[in-house]
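To keep things clear, I will list the structure first and then write my remarks on it.
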Amino acid sequence: FLILNLIILCLFSARTFVRILDWQNGLKLYSHDIQISQNAFDLENNYGVELYRNQKFTEAKVHFEKSTVLAPHWWTNWNNLGAMYEKEGNLEIAKNLYHKAIDNGNYYLAFQNYGAILIKLQKYNEAKFFLEQEALARFPQNQILIAQYLYLQKLQNQVE
């Protein structure tokens, strides 16, 4: 029994050592894992995040899109795809993708991004309603959402 436990321990130790070699950085780790676990929506999304962080935007977008196909019910992938479209200047598409992320889950970043995109699109009344009725109702202590709301109030006071 003791010998069997030692063999198992040695096998797990060897596997742990091999796995550590994969972990040089997130990009290397996810590029390795995505080859092994194909069609894993979370790996596709996380690999997209690493590509985005490494300024490989076109490649990142492909992986975010694949993640949304694999997991249309998730929220993080839709938010990240929205960020890609926003970066490209496609604000209306980004707005719709952020809204999809909100519809799918309670992800604070999607609420922040949606509020910000409404402000960028100068949809101030829609932004104010969204922040008052939805975003701040769910995340009353979120400093970014509060700042967006205060910015809209300041704009409104300047007009009056």
Side-chain angles (χ1 to χ4, degrees), residues 19-20 22-34 36-160:
R19 185 67 175 155
I20 289 170
D22 293 335
W23 184 265
Q24 293 176 11
N25 58 50
L27 191 59
K28 180 164 173 47
L29 177 70
Y30 291 122
S31 68
H32 171 269
D33 289 357
I34 213 164
I36 295 169
S37 299
Q38 296 177 356
N39 296 327
F41 71 92
D42 52 344
L43 285 177
E44 291 290 342
N45 180 74
N46 293 346
Y47 188 45
V49 169
E50 292 300 322
L51 289 165
Y52 185 92
R53 288 178 180 161
N54 284 275
Q55 313 286 310
K56 297 179 179 182
F57 303 117
T58 304
E59 293 175 63
K61 185 177 176 185
V62 169
H63 291 280
F64 292 142
E65 287 172 339
K66 187 170 182 184
S67 181
T68 62
V69 170
L70 293 170
H73 60 280
W74 202 31
W75 47 90
T76 305
N77 52 4
W78 291 104
N79 182 73
N80 291 343
L81 185 57
M84 288 303 314
Y85 276 93
E86 183 175 357
K87 180 158 190 52
E88 295 172 348
N90 296 315
L91 301 184
E92 281 294 333
I93 295 172
K95 178 179 87 88
N96 294 335
L97 293 169
Y98 292 144
H99 198 272
K100 177 78 171 170
I102 290 169
D103 288 344
N104 284 358
N106 205 22
Y107 186 35
Y108 75 95
L109 190 54
F111 283 81
Q112 292 174 357
N113 289 338
Y114 189 72
I117 205 86
L118 289 174
I119 292 168
K120 279 185 181 179
L121 290 167
Q122 298 180 350
K123 296 182 178 191
Y124 300 131
N125 290 335
E126 188 178 344
K128 187 171 187 247
F129 181 83
F130 167 73
L131 290 167
E132 286 176 347
Q133 301 300 316
E134 292 184 51
L136 288 170
R138 289 192 190 177
F139 304 101
Q141 302 299 317
N142 185 298
Q143 295 302 306
I144 292 174
L145 295 171
I146 292 168
Q148 290 173 353
Y149 186 72
L150 292 173
Y151 174 76
L152 289 171
Q153 284 185 321
K154 184 178 176 183
L155 282 177
Q156 187 177 24
N157 289 339
Q158 289 175 351
V159 171
E160 295 173 352

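Residue numbers start at 1 and run along the sequence shown. Here the structure is a predicted model, which means the values were calculated and not measured.
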Please list every donor-acceptor pair under 3.5 Å in which a side-chain atom of residues 47-58 meets a protein atom from a residue at least two apart or in another chain.
from, atom 1, to, atom 2, distance (Å)
Glu50, OE2, Arg53, NH1, 3.0
Asn54, ND2, Glu50, O, 2.7

Side-chain donor-acceptor contacts of residues 136-148 below 3.5 Å, not counting sequence neighbours, with atom names and distances?
from, atom 1, to, atom 2, distance (Å)
Arg138, NH1, Asn106, OD1, 3.3
Asn142, OD1, Gln112, NE2, 3.1
Asn142, OD1, Ile144, N, 3.0
Asn142, OD1, Leu145, N, 3.0
Gln143, NE2, Gln141, O, 3.2
Gln148, NE2, Gln112, O, 2.9

Less than 3.5 Å apart, which donor and acceptor atoms pair up between the side chains of residues 121-129 and the rest of the protein, not counting sequence neighbours?
from, atom 1, to, atom 2, distance (Å)
Lys123, NZ, Glu92, OE2, 3.1
Glu126, OE2, Tyr114, OH, 3.4
Lys128, NZ, Glu132, OE2, 3.3

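In terms of the side-chain contact (heavy atoms from CB on, under 4.5 Å) criterion, residue partners of Asn90 (sequence neighbours excluded) are, by chain and number, Tyr85, Glu88, Ile93. Partners of Glu134 according to the side-chain hydrogen bond (donor to acceptor under 3.5 Å, both in side chains) rule, which considers only residues two or more places apart in sequence or in another chain, do not exist here. Residues passing the side-chain hydrogen bond (donor to acceptor under 3.5 Å, both in side chains) test with Thr68, sequence neighbours excluded: none. For Ala40, the side-chain contact (heavy atoms from CB on, under 4.5 Å) criterion is met by Ser37, Asp42, Leu43, not counting sequence neighbours. Not counting sequence neighbours, Asn46 has no partner by the side-chain hydrogen bond (donor to acceptor under 3.5 Å, both in side chains) test.
Across every non-hydrogen atom of Gly82 and Ala94, the tightest pair is O-CB, 3.3 Å.
Side chains of Ile117 and Glu86 form a contact here, defined as non-hydrogen atoms less than 4.5 Å apart. Under the 4.5 Å side-chain criterion, counting only non-hydrogen atoms from C-beta, Asn79 is not in contact with Leu97.
If you run side chain to side chain contact (heavy atoms under 4.5 Å, CB included) between Glu44 and each of Asn39, Val69, Val62, Leu70, only Leu70 comes through.
Among residue pairs with one or both ends in residues 106-117, none qualify as salt bridge (Lys or Arg N to Asp or Glu O under 4.0 Å); sequence neighbours excluded. Sorted by first then second residue, the salt bridge (Lys or Arg N to Asp or Glu O under 4.0 Å) pairs that include residues 94-105, not counting sequence neighbours, number zero. Contacts classified as side chain to side chain donor-acceptor pair (under 3.5 Å) and involving residues 69-78 (residues at least two apart or in different chains) are given here: Ser67-Asn77.
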Check step by step if side chain to side chain contact (heavy atoms under 4.5 Å, CB included) holds for Phe111 and Tyr98.
CA-CA 8 Å; Phe111 283 81; Tyr98 292 144; over 6 Å; no

